[in-house]
Amino acid sequence: MGYRESIADLVKYRNAYALAFSAALGSIFYGWDIGLIGGVISLPSFKQYFGLDNQSANAQANLSGNIVAILQAGCFFGALSTGYFSGLFGRKPCLIASGIIYIIGSLLQSVVGLGSSQAVGLKVLYFSRFVGGIGVGMVSALVPSYVSECTPRAIRGRCTGLVQFANNIGIMLSFWVNYSSSLNIPYGEMQWRIPFIVQMVPGVLFVLTMIPQPESPRWLVEHERYDEAARTLAFVVRKSVEDEAVISTLDEIKADYVGKQKLSILTQFRKMGESRLTALRCLIPSLVMFFQQWTGTNAINYFSPEIFAGLGISGTASGLFATGVYGVVKVVAVGLTLAFAVESVGRKNCLIIGGLGQGLTMLWIGGYSGIHPQSTIVPASYVSIVAVYLYAVFYCIGWGPVPWVVAGEVAPNHVRTAAMSVAVGVNWLFSFLISRVTPVMLVQITYGTFLLFGVCCLIMTAWTYFLLPETTGYALEDVKFLFEHSVVLRSLQDAPGGRMFIGKRKAMPVEELRRAALEEREGVTLDVSRKGDEENMEGKETERPIII
């Protein structure tokens, strides 16, 4: 999509973009907390205040890992809890609650150690980061579902991808706040307290901007509140509730929920395995979130000052500056990807390009670190530093924003709450694991850390190529047809160069599968199995005026 088309879409769907932006503010504080702690724990003032400067390198690495990882523990439980509460009360109230919990956790982090010993201060820090993590975990699980359920399919990928864009903005801002604190605030406890205080700002903005936003139309349909669902659908596309497209979309959503209304969260968990198709669609969100963590991105987010120091950038301020530039690169890259690639290039191609680029840059960094373990600057050091920034670019092309898009699209409507809770729980579980072991790995196996992540990137690229169909351009109610027949065939058909594996064979067009399902629903039998691979793939747009 070109610049003019992007501007036209922005104007046409401005209500939908405003909704997505409001929800994405939650991902700003999600990213803020991720980027903040690595810089804070590297400040000499923080180490001196809590007595870390007197400990050995291994002890400091373990303690740093604990401080970072306790947030992920809270995020894990927060993500899992959203399934029950958002199913009962709705997406919007739970989103607002997540912001309030995050603000409370941030406030507690801002006052740790006041009037207490170092040991008690560390315990309060652990507790406050766990509380803040519950809010972060809730918002990380809810925002992708809420945005994908509310936004038109023409811009759904871009809007859902705002989750990662906002996440990167939060990481970038926290990097620069850390750098400014180290440079402009005198040595002392306020040097590390200021970043904790400032992180409350995005939480407050998120709560305020979410208040005027509507509830998810699919949650409203599930609870048989059809008039409110119609108003939400009309709001996001700026049409009347009597508009044909709004009525048709509402009918499609209602049809998809026939016999599935008001499923409890426990029932949703049980129904995740009700059929091979449903189980597969519920597995993919968790799998892409698992893969996202094994790209190694959070290892760099949390411990980038130490990584840059290993590449020859010495000094706390210099390391934080290099980390700040890394944050800017990620924001620019993911912004360009969402604006021009995720809808036109497609989810699958973005994941393939991003995975290959990340794998190769990680392998380079690992190889350089193995051959040149010293922290002195040599010409190859500059190449390795550039490789870190290129890694960020490729991450933002693929495995940064796109897993959130794919997870929100692939999960079935009637169990989306449970599937996304599990997926984000998996994300945070492995984020916890990686943030806990990364500082130890950097000390114990050094360059092997980067080689491991590089190989993982190549493995997930192969999975995407052979086993993930393209979801761009399909209504949420039509995504199920991509997984009903010949998943590998359809995946290779959608992959660049995939024809060399499948020859002239083609998967049955979604339009045919939809027509068969409609006729079966209306009592007309149609033998779909006889319409195999001879069908030609038609365009993904349908004649129905479906908007979401």
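Throughout, numbering of the chain's residues begins at 1 and tracks the sequence.
A salt bridge links E149 to R416: one of the charged nitrogens lies within less than 4.0 Å of a carboxylate oxygen. In this structure, R218 does not pair ionically with E222, as no charged nitrogen and carboxylate oxygen lie closer than 4.0 Å. Taking the charged nitrogens against the carboxylate oxygens, E470 and R490 have no contact shorter than 4.0 Å, which rules out a salt bridge.
To the nearest 0.5 Å, the span separating CD on Q268 from OH on Y84 amounts to 12.5 Å. Atom CD of Q292 and atom OG of S431 lie 9.0 Å apart (nearest 0.5 Å). Going from atom CD1 of I96 over to atom CD of Q213 covers 9.5 Å, rounded to the nearest 0.5 Å. To the nearest 0.5 Å, atom CD1 of residue I502 and atom CD of residue Q493 are 5.5 Å apart. Between T151 atom OG1 and L476 atom CG the span is 8.0 Å, to the nearest 0.5 Å. Atoms CZ and OG, from F76 and S81 in turn, are 11.0 Å apart once rounded to the nearest 0.5 Å.
Formation of a donor-acceptor pair under 3.5 Å by the N349 side chain with backbone atoms of V345 is found in this model. Using modelled atom types, one side-chain atom of S421 and one backbone atom of G83 make a donor-acceptor pair closer than 3.5 Å. No donor-acceptor pair under 3.5 Å is formed between the side chain of R156 and the backbone N or O of T472. Within the 3.5 Å criterion, the main-chain N or O of R281 finds no donor-acceptor partner in the side chain of K480. A side-chain donor-acceptor contact under 3.5 Å links Y391 to the backbone of T297.
Cation-pi geometry between K92 and Y146 is not satisfied (NZ or CZ under 6.0 Å from the ring centre, within 45° of the ring normal).
Using the six-membered ring where Trp is involved, Y102 and F29 have ring planes that are parallel, under 30° apart on the 30 and 60° scheme. Classification of the W399-W463 ring pair by plane angle, with boundaries at 30° and 60°, yields tilted.
With a 6.0 Å radius and a threshold of 12 heavy atoms from other residues, nucleotides or ligands, F235 has its CZ atom above the threshold.
In plain terms, the two heavy atoms of A23 and V143 that are nearest each other are O-CG2, 3.4 Å. Between L482 and V510, the shortest heavy-atom distance links the atoms CD2-CG2, 3.6 Å. Taking every heavy atom of both residues into account, V241 and A230 meet most closely at CG1-O, 3.8 Å.
Between Y226 and I253 there is no side-chain heavy-atom pair separated by less than 4.5 Å. Between V139 and L95 there is a side-chain heavy-atom pair separated by less than 4.5 Å.
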**Request:** Step by step, work out the ring pair (Phe, Tyr, Trp, His ring centres under 6.0 Å) result for F481 and Y474.
**Result:** CA-CA 10 Å; F481 298 120; Y474 294 108; 9.2 Å; no

